[in-house]
Protein chains: 2
Amino acid sequence: MGTNAREDIMEAAKKAAQAHGYGGLSMRDLAAEVGIKAASLYYHFPSKAELATAVAKRYWEDAAADLEKIWDENSDPDERLRFFPVTFRRALENENRMCLCSFMGAEYDDLPDQVKEEVQVFADVNVAWLKKALLASGTVDEETGEARAKAVFAAVAGAQLMARSRADISLYDTLIDSYRAAGLLPA
Amino acid sequence: MGTNAREDIMEAAKKAAQAHGYGGLSMRDLAAEVGIKAASLYYHFPSKAELATAVAKRYWEDAAADLEKIWDENSDPDERLRFFPVTFRRALENENRMCLCSFMGAEYDDLPDQVKEEVQVFADVNVAWLKKALLASGTVDEETGEARAKAVFAAVAGAQLMARSRADISLYDTLIDSYRAAGLLPA
DNA sequence: ACCTGAACACCGTTCAAGT
DNA sequence: ACCTGAACACCGTTCAAGT
């Protein structure tokens, strides 16, 4: 598609992994998508594991950048938190895809170690941002902030998973609203 | 292992699918686990799809029975709700496995239709029980009960997913505690 | 009734060979 | 520098054949 094969491969691999996971990511299909032969992929990436590592790494880097943007563009603490679920909604909007790292979290047993690490960093990045935002909003105190940040992350990931399993994005919205009504997130 | 091959196959398939998903369920490995050849599996089940359908169906039937038991053995509404996360904890206790239907929910795009249906019934059964329990406990009113039941289900599934992705069962407990502290579940 | 070996079209991966 | 065809050991599945 683009002019940079390595870039095209990573982009196509990201989309495929968000729909089919690491195990379901087919090197042959991926190559066809990019317009080269499967063997050619191995010129750009030494293995499927290395490709997935690069993709997962950039996935959390992009997520970190998005979160920074939300932070900088909003000064009201509750407003920042209101935007968090939007980033997870975007995957569903994109042909019912899901978070790469949630899918790969499920595939834990079959994941190469380096991929596992990048997947965990994604969660770390999100939890750190949430903790910062929750503390700033006064939703939690210093002592419970970490646990609450993890809880919000897990709950939002769970909402995305459930909505995907029904291909129903309105269910995602219902779930997030219900989290707010229950007090997990500021209303 | 047992005396009933069909039973052994379903049990082994359930455990494998809880660890590797539908896509990661290998008919050859499964056959080896049961002590027969891969081709022999097709005497008992016409296809991988049919096997997975049977497994997923019994999975929600067993879950429904477990939930009924919790209901009958406890009369205090909050006490019943306190037991709900225990059923999802059990999978993690069992060698860091996860809910068959959460894993298959992620695999939505690659799931045969019949399997998809059974996966959805699992969620339906859990949500129906939760709604009943939440209404009985007075946590919610008739109007918000359905959404709240779905929210609890999604959040607990998300907690299990996050804990699995770190192979850390204490993280699961932390998350459930935090849900309670936030007000999603009765403390 | 229950199981099997051999075959089919797939898969990720390797590698020597092409331009 | 970038790509490829052919081969390897895998996979789910089929089927004719065994007991």
Side-chain angles (χ1 to χ4, degrees), chain A residues 1-56 100 103-104 107-116 118, chain B residues 1-56 100 103-104 107-116 118:
Chain A
M1 302 284 172
T3 174
N4 184 338
R6 195 174 198 276
E7 203 56 35
D8 292 348
I9 293 166
M10 284 186 69
E11 181 61 26
K14 185 185 80 170
K15 293 184 77 172
Q18 281 186 274
H20 308 108
Y22 178 78
L25 172 64
S26 158
M27 297 295 268
R28 284 181 144 95
D29 290 353
L30 177 59
E33 179 76 25
V34 177
I36 56 178
K37 299 294 167 184
S40 307
L41 292 172
Y42 291 82
Y43 172 75
H44 300 280
F45 298 93
S47 65
K48 184 177 172 178
E50 294 279 359
L51 167 59
T53 303
V55 168
L100 187 80
F103 208 139
M104 290 186 172
E107 291 175 298
Y108 181 82
D109 287 356
D110 304 310
L111 234 42
D113 282 341
Q114 338 163 40
V115 181
K116 227 178 271 187
E118 302 299 339
Chain B
M1 301 292 168
T3 173
N4 184 338
R6 195 173 198 277
E7 203 57 33
D8 292 348
I9 293 166
M10 284 186 70
E11 181 61 25
K14 184 186 79 171
K15 293 185 75 172
Q18 281 185 273
H20 308 109
Y22 178 78
L25 171 63
S26 158
M27 297 295 268
R28 283 180 144 96
D29 290 353
L30 178 58
E33 179 75 26
V34 177
I36 56 178
K37 299 295 167 185
S40 307
L41 291 173
Y42 292 82
Y43 172 76
H44 299 282
F45 297 93
S47 66
K48 184 177 172 179
E50 294 280 359
L51 167 59
T53 303
V55 168
L100 186 81
F103 208 140
M104 291 187 171
E107 292 176 298
Y108 182 83
D109 287 356
D110 304 310
L111 235 42
D113 283 340
Q114 336 162 45
V115 180
K116 226 178 273 190
E118 302 299 338

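In what follows, every heavy atom counts, from backbone to side chain, and hydrogens, waters and symmetry copies are set aside. Quick note on labels: first sequence line is chain A, next is B, and so on, each numbered from 1.
Side-chain N/O atoms of A:Y43 include none lying less than 4.0 angstrom from OP1 or OP2 on D:dC3. An OP1 or OP2 oxygen of D:dT13 is reached within less than 4.0 angstrom by a side-chain nitrogen or oxygen of B:Y42. Distances shorter than 4.0 Å separate some side-chain N or O of B:S40 from OP1 or OP2 on C:dT4. For the OP1/OP2 pair of D:dA1 and a distance below 4.0 Å, the side-chain nitrogens and oxygens of A:H44 include no atom meeting the criterion.
Between C:dC11, C:dG12, D:dT13, one nucleotide has an atom nearer to the side chain of B:K48 than all others, and that is D:dT13. You'll find that the side chain of A:S26 is closest to C:dG12, out of C:dG12, C:dA1, D:dC3. Considering only side-chain atoms of B:R28, the nucleotide from D:dC11, D:dC3, D:dT14 that sits closest is D:dC11. The side chain of A:A39 lies closest to C:dT14 when the candidates are D:dT13, C:dT14, C:dT4. The listed nucleotides are C:dC3, C:dT13, D:dT4; the one nearest the side chain of A:M27 is C:dT13.
Of the nucleotides present, C:dA1 is the one that pairs with D:dT19 by Watson-Crick or G-U wobble criteria, both distances under 3.5 Å. Under the Watson-Crick and G-U wobble criteria, each requiring two contacts below 3.5 Å, nucleotide C:dT14 is paired to D:dA6.
For the atom pair CE (A:M104) and CD (A:Q18), the distance works out to 9.5 Å, reported to the nearest 0.5 Å. Separation of atoms CD (B:E107) and CG (B:L25) is listed at 9.5 Å; rounding is to 0.5 Å.
Residue contacts for A:L25: at a heavy-atom cut-off of 4.0 Å it reaches the sugar-phosphate backbone alone, with no base atom in range. No engagement by A:L30 is indicated, since no non-hydrogen atom pair under 4.0 Å with the nucleic acid exists.
The CD1 atom of A:I36 sits 19 Å away from the P atom of C:dT19 (whole-angstrom rounding).
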